[in-house]
Amino acid sequence: MKKLLLLALFVLGSVYTYAQTEDELKAAKANKSDSIAAIQGRVDAIQAQIDALPGWKVGAFGTIGGSFSGFNNWYAQASPNNSAGTIGFTVNGFANRDEPKYFWRNALTLNLNWVKFDDKDDPNDQKGFRQATDVFNLSSLYGRKLSEKFAISGLMEYRTTILSNFNDPGYLDLGVGATWTPVKDLYVVIHPLNYNFVFSSTDAIFESSLGAKIVADYSKEFGAVKFRTNMSVFQSYKSSNLSNWTWTNSFSYTLWKMIGLGFDFGLRKNKQEALNYSVNTLGNTTDTFDTVNNDLQTYWTLGLSYKF
């Protein structure tokens, strides 16, 4: 009985000591966490002061995605012998300068993606990688400030594909108007005088025109999360058939140093592109602007992200 009593006291003492030690360690950890948070707060405050200084601010972030697979005699699927893969990347670069009397914002968006599906039992299929996504957008906005939130501005924006059909079609917007910056990371461009130059070998479908340009761009970084969203709209004064809009979004979450997870997606409506695809690719030669299905265009990319 004495041995059992001593054993019970020993166990209770060990549990008490462990609980006391655990509480002390948790308290010490809480103090260290508070200290780290205070230090990070001071670092963030200094970084905010650096970001507010005049001069060029240059950077980039994006997404890299890819997957590869191979099957041999996998009879449960339609093509039991095949190899497949996807590779792609996005780049969101910027070079901005903000001075007391003017600003100059430059941005580049690039999204390229390739896919491969090689059916080893079909000697006539395409074995190599082929283009899947092809997006290129370059813009430059200059403004002379009238106040802290308003400026007279000029915008150049160029959009095309670069892997194939470069500049066919290509879109170049040149316009003047005003820019509103209600908060630091958001700017809204309203240019009632804008000419949309369209470059294409299919002049019967694509046409340049005068219209209004509206752009809204917001980029922000919250700790490990960084995102950018951009809406670009052209409203033709000649015909709504010549109008178009594009909305792109990029998100990245940093896991370690400059590496993390990224997600990009984009939406677009362009009736000229829809008619050109229907007539010259699908062969629907009787289609017109009044009969073509102007479906919503979309793309997305998910993979590893980077920033620098």
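This chain uses plain numbering: 1 for the first residue, then up along the sequence.
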### Task
Name all residues meeting the side chain to side chain contact (heavy atoms under 4.5 Å, CB included) criterion together with A212; count only those two or more places apart in sequence or in a different chain, and write none if there are none.
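Result, side chain to side chain contact (heavy atoms under 4.5 Å, CB included) vs A212: Y237.
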### Message
According to side chain to side chain contact (heavy atoms under 4.5 Å, CB included), who are the partners of L296, at least two apart in sequence or on a separate chain?
### Response
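Partners of L296 under the side chain to side chain contact (heavy atoms under 4.5 Å, CB included) test: W245, L267, K269, T298.
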### Query
If you measure only the distance, is there a donor-acceptor pair under 3.5 Å linking the side chains of N196 and S208?
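No.
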What heavy-atom pair brings [X] and [Y] nearest, and what distance separates the two atoms?
X    : Y    : result
S140 : W104 : OG-NE1, 2.8 Å
T179 : S153 : OG1-OG, 2.7 Å
W56  : A95  : CZ3-O, 3.5 Å
K149 : P182 : NZ-O, 2.9 Å
L163 : T133 : CD1-O, 4.1 Å
T109 : N92  : OG1-OD1, 3.8 Å

### Task
Going by the side chain to side chain donor-acceptor pair (under 3.5 Å) test, name the single residue among N276, D168, N167, N165 that passes it with S200.
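So, applying the side chain to side chain donor-acceptor pair (under 3.5 Å) to S200 and each of N276, D168, N167, N165, only D168 qualifies.
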### Task
Please determine which of T90, N249, N111, T301 meets the side chain to side chain donor-acceptor pair (under 3.5 Å) test together with D264.
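Result for side chain to side chain donor-acceptor pair (under 3.5 Å) with D264: T90.
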### Message
Could you measure the distance from the CG atom of D173 to the CZ atom of F234? Nearest 0.5 Å is fine.
### Response
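It is 6.5 Å, given to the nearest 0.5 Å.
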#### Entry: Gap separating the CG atom of D287 from the CG atom of N280, nearest 0.5 angstrom
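Going from CG on D287 over to CG on N280, the span is 11.0 Å.
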### Task
Would you indicate whether W114, at its atom CH2, is surrounded by more than 12 heavy atoms from other residues, nucleotides or ligands within a distance under 6.0 Å?
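Counting other residues, nucleotides and ligands, CH2 of W114 exceeds 12 neighbours.
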### Output field: ring centroids Y253/F251 closer than 6.0 Å
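Centroid separation for Y253 and F251: 6.0 Å or greater.
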### Message
Going by ring-ring contact (aromatic ring centres under 6.0 Å, His included), name the residues that satisfy it together with F206, two or more places apart in sequence or in a different chain.
### Response
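Scan of F206 (ring-ring contact (aromatic ring centres under 6.0 Å, His included), adjacent residues dropped) gives none.
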### Query
Hey, does the Lys NZ or Arg CZ of K220 hover above the aromatic six-ring of Y218, less than 6.0 Å from the centre and inside 45° of the axis?
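The answer is no; the distance or angle limit is not met.
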